[in-house]
Protein chains: 2
Amino acid sequence: MVEPTMSQPLSSSVGDYLKAVWGLAGHGVAAPKDLSSRLSVSSASVTEMLRRLQELGLVEYERYRGASLTEEGHAEALRLVRRHRLIETFLLEHLGYPWEEVHEEAERLEHAVSDNFTERVAQLLGHPDRDPHGAPIPGADGTLAREDSRPLSGAPVGDRVRILRVGREDAPALAYLEARGLVPGRVLRVEEVRALDGVVTVEDEDGVSHALGGVLAASVLVQGS
Amino acid sequence: MVEPTMSQPLSSSVGDYLKAVWGLAGHGVAAPKDLSSRLSVSSASVTEMLRRLQELGLVEYERYRGASLTEEGHAEALRLVRRHRLIETFLLEHLGYPWEEVHEEAERLEHAVSDNFTERVAQLLGHPDRDPHGAPIPGADGTLAREDSRPLSGAPVGDRVRILRVGREDAPALAYLEARGLVPGRVLRVEEVRALDGVVTVEDEDGVSHALGGVLAASVLVQGS
DNA sequence: ATCGTATTTTAGGCAAACCTAGAAAATCTT
DNA sequence: AAGATTTTCTAGGTTTGCCTAAAATACGAT
Ligand SMILES: [Mn+2]
Ligand SMILES: [Mn+2]
Ligand SMILES: [Mn+2]
Ligand SMILES: [Mn+2]
């Protein structure tokens, strides 16, 4: 089913656009505005690139609407996401990087490593299925495990939940969460979800309470414990 | 003494040009023709880039003669060489890459990794002073150990010598040498250096003889055992 | 010293990614 | 249904890094 158009390797810009479309919309349509702000690039640049990506057969693009990934584009995006997440795991586990620093390095390395490198790292790591932030690592065959989690901000008060994943990649937020032990695997009890301002208060296993703003709480993904 | 012009990071092209000047001439002057063939780039491109490198303060360039590295350019070249050689060592020792495949991967990764990454790898490896091909690894402070070796092609017949380094980076030659165990550390006895065609015959520790063409023998660097 | 060859530079182009400014289209508000 | 606002596209421009073809320079050999 996949076109055999294995021409030249794609540039890092192209790759980052594909990842952005995937991250924003999955199989759906990503709006130029959202791509522009996610990639920190002018909307003129987005328009231009989307046209090129369509030319390359990587997205389906409709003017004034946005772009969705073709099968080929989707496969390429997932391949990059796999690399990114494996590299993050490697940096943390083998090079001793702090949790909040792995993302930036991976963002560059994902474009420079070969498939050979990627698979050797996967093997070294024992083929993990989640990265240090709890995000699932796509398989080498392009499959991605279904996610079964809800944002902490929508958890019922009183519930015991386990952090499955942290859907953030900016260093300050990650450093803050790690300092409080709010990392994947941690079990919490939901004390309060305040309607007024969205602040969520939780108690961790050591009896310590943490209050998280609505936006931050929404990026902490949990599953019923 | 080093200018504090720590502006934006240099591109991989710029880095590869600097490494090429260094590899061809060290502190001396590298000719455009040699850069052109080493980098597989037209001479017009070389002229253009040398002008830019001068503009950036990385080389001193004289028309129709070539370019030599400034202090800053030299430092940058050595920094890349350090990365390259550490990465090669890491690929071999920790990811199980075959000897002849490490160079190509390192050639790309050297431009994508951070100093942080590099120094963490150095630590993981125990701060090695030679890479898998026997080439010395520059220190983080920009120092490079003096080399005390001679080409095998110029060794006196009858001498016992130890391979210190293999000055080649193309996969076929490396694969050939490794298949015969002609790698750094191996001790050989020089049986014949034929004036006629430069072919060098050596006997290894297991009593096996090897005949190497003049060009290949010149790239095998040895020291008196 | 001059000729012929090799090397280097110049001139002119091209593609990838970015940008700003302004026009056009879509969407939200009243 | 306008009008105002937001979003997107178009037009035109820049930088980096490469190219080919042709002119200029340097060098080696008679
Ligand atoms: Mn990440
Ligand atoms: Mn990236
Ligand atoms: Mn190498
Ligand atoms: Mn390189």
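Letters A, B, ... are given to chains in the order of the sequence lines, protein chains preceding strands, and every chain is numbered from 1.
- Proximity of A/Y61 to the phosphate of D/dC9: a side-chain N or O atom is located under 4.0 Å from OP1 or OP2.
- At whole-Å resolution of the value, NZ in B/K33 and P in D/dA26 are 16 Å apart.
- Taking the side chain of B/V41 as heavy atoms from C-beta on, and the options C/dA26, D/dC18, D/dT25, the nearest nucleotide is D/dC18.
- Contact check for B/P128 versus B/R85: no side-chain heavy atoms found under the 4.5 Å cut-off.
- Side-chain contact check for A/H84 and A/D131: no donor-acceptor pair (N or O, by modelled atom type) lies under 3.5 Å.
- The pair B/R79-B/E72 fails the salt-bridge criterion, with no side-chain N (NZ, NE, NH1 or NH2) lying under 4.0 Å from an Asp/Glu carboxylate O.
- Computed from coordinates, the A/L39 CG to C/dC19 P distance equals 10 Å when rounded to whole Å.
- Nucleic acid contact class of A/S40 (heavy atoms, under 4.0 Å, all strands): sugar-phosphate only.
- The CZ-C1' distance, from B/R63 to C/dT10, rounds to 9 Å in whole Å.
- Residue B/L35 contributes atom CG, which lies 15 Å from atom C1' of D/dG17 at whole-angstrom precision.
- Summarising the geometry, the separation between CD on A/E62 and P on C/dA25 is reported as 15 Å, rounded to the nearest angstrom.
- Between A/L18 atom CG and C/dA17 atom P the separation is 11 Å, expressed in whole Å.
- Taking only side-chain atoms of A/S42, from C-beta outward, the nucleotide of C/dT20, D/dG17, C/dA17 with the closest atom is C/dT20.
- For DNA chain C, the residues of residues 45-55 of chain B within the heavy-atom distance limit of 4.0 Å (strictly under) are B/T47, B/R51, sorted by number.
- At the phosphate of C/dT7, neither OP1 nor OP2 sits under 4.0 Å from any side-chain N or O atom of B/R65.
- Side-chain rings of B/F90 and A/F90 approach one another, their centers coming within less than 6.0 Å.
- At least one side-chain heavy atom of B/M49 sits under 4.5 Å from a side-chain heavy atom of B/V14.
- The side chain of B/S13 places no N or O atom within less than 4.0 Å of a non-bridging phosphate oxygen (OP1 or OP2) of D/dT16.
- Each of D/dC9, C/dT9, C/dC18 was ranked by its minimum atom distance to the side chain of B/P32; first place goes to C/dT9.
- Neither OP1 nor OP2 of D/dA23 sits under 4.0 Å from any side-chain N or O of B/Y64.
- Each of A/E76, A/E169, A/E107 was scored for a salt bridge (Lys or Arg N to Asp or Glu O under 4.0 Å) with A/K19, with one residue passing: A/E107.
- Salt-bridge annotation for A/E119 and A/R82: present, with a side-chain N of the basic residue lying under 4.0 Å from a carboxylate O of the acidic one.
- Within 4.0 Å (heavy atoms only), B/S36 reaches no atom of the nucleic acid at all.
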